[in-house]
Participant: 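What follows is a structure written as structure tokens; I'll ask about it next.
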Amino acid sequence: MDLVLFGPPGAGKGTQAQRLVELLGVPQISTGDLMRAERKAGTELGKKFDEYMSKGQLVPDSLVIDLFADRLGKPDAAKGAIFDGFPRTQAQAQALDDLLARLGRSIHKVVVIDLAVEDILDRITGRRVDPATGQVYHVRYNPPPPGITVEQRKDDTEEVVRTRDQSYRRDTEPVLPYYETRGLVARVDGLGELDEITQRIREAIGA
Ligand code: AP5
């Protein structure tokens, strides 16, 4: 199954993708995670990504699409994947369709996790990530187990989050009609317990 998780920053795309991996038996492909890995490795590409990510701006399509295509071609994604944070522009949506078509596949569903702007800041400023595993936590809503060292993402400051949210509303939300006209979009409320939201997504995708 090829599933797109869509929604504003902090909506819970990464958290829910991690929960769906085992259930669906396909990997999570997060372009944000792929970019952070390049940045951490100190590659030239990683430095280029950082110029945009640190300001909360979208990385240019040409760079993102190449990175994504490379990951989609890995053996573990041969039967499908959960796309987290991709596509974010019309060009990326078209590229995703083309790449999947070449593999004889197509998108099963685009699940939009809705979250109001006022809830985003609280979610994001409390987010912590285990750098060893990539597991996402929240200081209050999903605290890391004792003994785990976690860190805060560089772009999780209030100022950068506001820019990321604007970019979502301006550049990414307008991609939805492309999927709506094909009847692929399902909306789920992103407010609630983690299990409740997983259940809503399962119902939306029939899993
Ligand atoms: P990316 O890494 O994709 O970040 P994002 O889209 O801004 O989304 P987040 O990771 O912030 O949020 P999420 O929805 O995954 O929420 P999470 O589950 O962590 O992108 C970062 C940057 O990379 C972009 O700004 C851009 O520069 C670049 N980039 C990436 N992809 C790109 C692309 N395709 N094109 C161009 N540029 C690209 O949850 C958030 C917090 O809330 C966590 O602490 C979690 O524990 C908590 N939480 C989750 N669910 C709940 C709940 N139900 N109740 C309470 N707390 C909850």
Side-chain angles (χ1 to χ4, degrees), residues 4-21 28-39 45-46 48-69 71-72 82-96 111-117 119-130 134-144 150-173 175 188-201:
V4 175
L5 289 186
F6 209 92
K13 303 180 295 293
T15 301
Q16 293 300 329
Q18 288 176 348
R19 293 173 143 236
L20 292 168
V21 161
Q28 167 195 18
I29 299 184
S30 156
T31 41
D33 285 350
L34 294 172
M35 289 173 191
R36 281 183 285 278
E38 286 288 335
R39 198 172 59 184
L45 202 53
K48 193 98 197 136
F49 292 150
D50 189 53
E51 285 173 30
Y52 299 92
M53 296 174 84
S54 59
K55 296 187 202 128
Q57 297 168 352
L58 289 186
V59 171
D61 285 333
S62 55
L63 298 177
V64 184
I65 291 168
D66 283 353
L67 182 79
F68 176 83
R71 178 64 186 89
L72 184 68
I82 303 163
F83 308 120
D84 161 13
F86 186 96
R88 267 172 147 104
T89 63
Q90 188 61 43
Q92 292 179 23
Q94 187 63 57
L96 177 58
V111 175
V112 184
I113 307 179
D114 282 318
L115 193 70
V117 179
D119 297 307
I120 289 174
L121 268 182
D122 179 43
R123 289 270 184 99
I124 287 194
T125 51
R127 171 167 46 198
R128 298 293 182 273
V129 182
D130 177 349
Q135 184 68 43
V136 178
Y137 298 100
H138 190 283
V139 287
R140 287 190 305 286
Y141 309 130
N142 183 21
V150 289
E151 57 187 35
Q152 194 163 16
R153 259 170 56 175
K154 229 170 111 179
D155 59 345
D156 277 355
T157 62
E158 186 170 336
E159 190 193 349
V160 177
V161 171
R162 288 195 192 281
T163 309
R164 282 160 56 197
D165 183 60
Q166 282 162 8
S167 152
Y168 173 74
R169 314 276 164 194
R170 185 189 59 229
D171 305 317
T172 302
E173 252 183 345
V175 177
V188 302
D189 184 357
L191 266 191
E193 297 294 323
L194 297 182
D195 285 345
E196 283 173 343
I197 294 159
T198 307
Q199 190 51 36
R200 288 174 200 156
I201 297 174

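Counting starts at 1 for both ligands and their atoms, in listed order.
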Participant: Heavy-atom contacts under 4.0 Å between L191 and ligand 1: side chain, backbone, both, or neither?
Facilitator: neither

Participant: Are more than 12 heavy atoms, taken from residues, nucleotides or ligands other than E159, located less than 6.0 Å from that residue's CD atom?
Facilitator: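 Not more than 12 within 6.0 Å, no.
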
Participant: Without hydrogens or angle criteria, can the side chains of T89 and D61 be said to hold a donor-acceptor pair below 3.5 Å?
Facilitator: yes

Participant: Is the shortest heavy-atom distance from the side chain of M35 to the side chain of V64 under 4.5 Å?
Facilitator: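 With C-beta onward as the side chain, the pair touches.
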
Participant: Would you mind checking which non-hydrogen protein atom is closest to atom 50 (N) of ligand 1, with the distance to 0.1 Å?
Facilitator: L194 CD2, 3.4 Å

Participant: Kindly identify the option in R19, Q135, M35 whose heavy atom sits closest to atom 29 (N) of ligand 1.
Facilitator: M35

Participant: Considering distance alone, does some N or O of T31 sit under 3.5 Å from an N or O of ligand 1?
Facilitator: yes

Participant: Test ring-ring contact (aromatic ring centres under 6.0 Å, His included) on F83 and F68 and set out the steps.
Facilitator: CA-CA 10 Å; F83 308 120; F68 176 83; 5.4 Å; yes

Participant: Could you give me the CA-CA distance, side-chain angles and deciding distance for R127 and Y137, then say whether side chain to side chain contact (heavy atoms under 4.5 Å, CB included) is met?
Facilitator: CA-CA 6 Å; R127 171 167 46 198; Y137 298 100; over 6 Å; no

Participant: Just go through P144, G14, G10 and tell me whose heavy atom is the nearest to atom 12 (O) of ligand 1.
Facilitator: G10

Participant: List ligand 1 atoms under 4.0 Å from F86, heavy atoms only on the residue side.
Facilitator: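 Here the atoms of ligand 1 in question are 34 (N).
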
Participant: Just how far is it from atom CG of D165 to atom CZ of R170, taken to the nearest 0.5 Å?
Facilitator: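 It is 10.5 Å, given to the nearest 0.5 Å.
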
Participant: Looking at non-hydrogen atoms alone, which of Q18, R88, K13 comes nearest to atom 3 (O) of ligand 1?
Facilitator: R88

Participant: Check each of E193, Q152, R127 against atom 19 (O) of ligand 1 and report the one with the nearest heavy atom.
Facilitator: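 Closest candidate by heavy-atom distance is R127.
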
Participant: Side chain, backbone, both or neither: which part of V64 comes within less than 4.0 Å of ligand 1 when only heavy atoms are counted?
Facilitator: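 Contact part for V64 vs ligand 1: side chain (C-beta onward).
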
Participant: Please determine whether any non-hydrogen atom of Q16 lies less than 4.0 Å from an atom of ligand 1.
Facilitator: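 Q16 does not count as a contact of ligand 1 under the 4.0 Å cut-off.
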
Participant: Any side-chain heavy-atom pair from I29 and L34 closer than 4.5 angstrom?
Facilitator: yes

Participant: So, regarding G56 and ligand 1 (criterion: nitrogen or oxygen to nitrogen or oxygen, under 3.5 Å), is there a contact or not?
Facilitator: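 No, G56 has no N/O under 3.5 Å of an N/O on ligand 1.
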
Participant: Looking at atom 26 (C) of ligand 1, what's its closest protein heavy atom, distance included?
Facilitator: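 Of the protein heavy atoms, Q57 O, 3.5 Å lies nearest.
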
Participant: For R36 and ligand 1, does the shortest N/O to N/O distance drop below 3.5 Å?
Facilitator: yes

Participant: Among all the protein's non-hydrogen atoms, which is closest to atom 47 (C) of ligand 1, and how far away is it?
Facilitator: R123 CD, 3.8 Å

Participant: Say you draw a straight line from CG of L72 to CD1 of I65; how long is it, rounded to the nearest 0.5 Å?
Facilitator: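 These two atoms lie 12.5 Å from each other.
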
Participant: I need the atoms of ligand 1 closer than 4.0 Å to a non-hydrogen atom of V136, numbered in the order shown.
Facilitator: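 Counting atoms of ligand 1 from 1, those under 4.0 Å from V136 are 19 (O), 43 (C), 45 (C), 46 (O).
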
Participant: If you measure from atom 54 (N) of ligand 1 to every heavy atom of G126, G12, G192, which option wins on shortest distance?
Facilitator: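 Residue with the shortest heavy-atom distance to the ligand atom: G192.
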
Participant: Just go through E196, E51, R153, R140 and tell me whose heavy atom is the nearest to atom 21 (C) of ligand 1.
Facilitator: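 Comparing heavy atoms across E196, E51, R153, R140, the nearest one to atom 21 (C) of ligand 1 lies in R153.
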
Participant: With heavy atoms under 4.0 Å as the rule, classify the contact between Y168 and ligand 1 as side chain, backbone, both or neither.
Facilitator: neither

Participant: Any heavy atom of G7 sitting closer than 4.0 Å to ligand 1?
Facilitator: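 Distance cut 4.0 Å: G7 fails for ligand 1.
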
Participant: List ligand 1 atoms under 4.0 Å from G32, heavy atoms only on the residue side.
Facilitator: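 Once the distances to G32 are compared, the set is 2 (O), 30 (C), 31 (N).
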
Participant: With a 4.0 Å cut-off on heavy atoms, is T163 touching ligand 1?
Facilitator: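 Checking ligand 1 against T163, which is what was asked, there is no heavy-atom contact under 4.0 Å.
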
Participant: Just do the side chain to side chain contact (heavy atoms under 4.5 Å, CB included) check on V139 and R128 with the steps written out, would you?
Facilitator: CA-CA 7 Å; V139 287; R128 298 293 182 273; 3.8 Å; yes

Participant: Could you tell me the separation between the CG atom of D130 and the CD atom of E151, rounded to the nearest 0.5 Å?
Facilitator: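 If we round to the nearest 0.5 Å, D130:CG and E151:CD are 8.5 Å apart.
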
Participant: Compare all side-chain heavy atoms of Q57 with those of Y52 and state whether any distance is below 4.5 angstrom.
Facilitator: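 Side chain of Q57 against side chain of Y52, heavy atoms only: contact under 4.5 Å found.
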
Participant: Evaluate the criterion side chain to side chain contact (heavy atoms under 4.5 Å, CB included) for residue pair R164 and D156; output intermediate values, then yes/no.
Facilitator: CA-CA 10 Å; R164 282 160 56 197; D156 277 355; 3.0 Å; yes

Participant: Would you say ligand 1 has an N or O under 3.5 Å from any N or O of D155?
Facilitator: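 In fact, backbone or side chain, D155 has no N or O that close.
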
Participant: Would you mind checking which non-hydrogen protein atom is closest to atom 23 (O) of ligand 1, with the distance to 0.1 Å?
Facilitator: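 Its nearest protein heavy-atom neighbour is M53 CE, 3.4 Å.
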
Participant: If you count the atoms of ligand 1 from 1 in the order shown, which ones are under 4.0 Å from a heavy atom of Y141?
Facilitator: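 Close to Y141: 55 (C), 56 (N).
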
Participant: Can you check whether T163's main-chain N or O pairs, donor with acceptor, with S167's side chain at less than 3.5 Å?
Facilitator: no

Participant: Rounded to the nearest 0.5 Å, what's the gap from CZ on R19 to CD on Q199? Could you check?
Facilitator: 11.0 Å

Participant: For atom 37 (N) of ligand 1, what's the nearest protein heavy-atom neighbour? Residue, atom name and distance, please.
Facilitator: V59 N, 3.0 Å

Participant: Is it the case that ligand 1 has an N or O less than 3.5 angstrom from some N or O of I197?
Facilitator: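 Min N/O separation from ligand 1 is not below 3.5 Å for I197.
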
Participant: So is there a nitrogen or oxygen of Q92 less than 3.5 Å from a nitrogen or oxygen in ligand 1?
Facilitator: yes

Participant: Measure the CZ-CZ distance between F6 and F86 for me, rounded to the nearest 0.5 Å.
Facilitator: 11.5 Å

Participant: Does a donor on one side chain sit under 3.5 Å from an acceptor on the other, for T198 and Q16?
Facilitator: yes

Participant: Should L63 and K48 be marked as a side chain to side chain contact (heavy atoms under 4.5 Å, CB included) after you check the CA-CA gap, both sets of side-chain angles, and the distance that decides it?
Facilitator: CA-CA 9 Å; L63 298 177; K48 193 98 197 136; 3.8 Å; yes

Participant: For atom 39 (O) of ligand 1, find the nearest protein heavy atom and state the residue, atom name and distance (0.1 Å precision).
Facilitator: T15 OG1, 3.7 Å

Participant: Is R164 touching ligand 1 with its side chain, its backbone, both, or neither, if touching means heavy atoms under 4.0 Å apart?
Facilitator: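 For R164, only side-chain atoms sit under 4.0 Å from ligand 1.
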
Participant: Under 3.5 Å between some N or O of ligand 1 and some N or O of G85?
Facilitator: yes

Participant: If you round to the nearest 0.5 Å, how far is CD of E38 from CE of M53?
Facilitator: 10.5 Å

Participant: What's the shortest distance from atom 44 (O) of ligand 1 to any protein heavy atom, and which residue and atom give it?
Facilitator: Y137 O, 2.7 Å

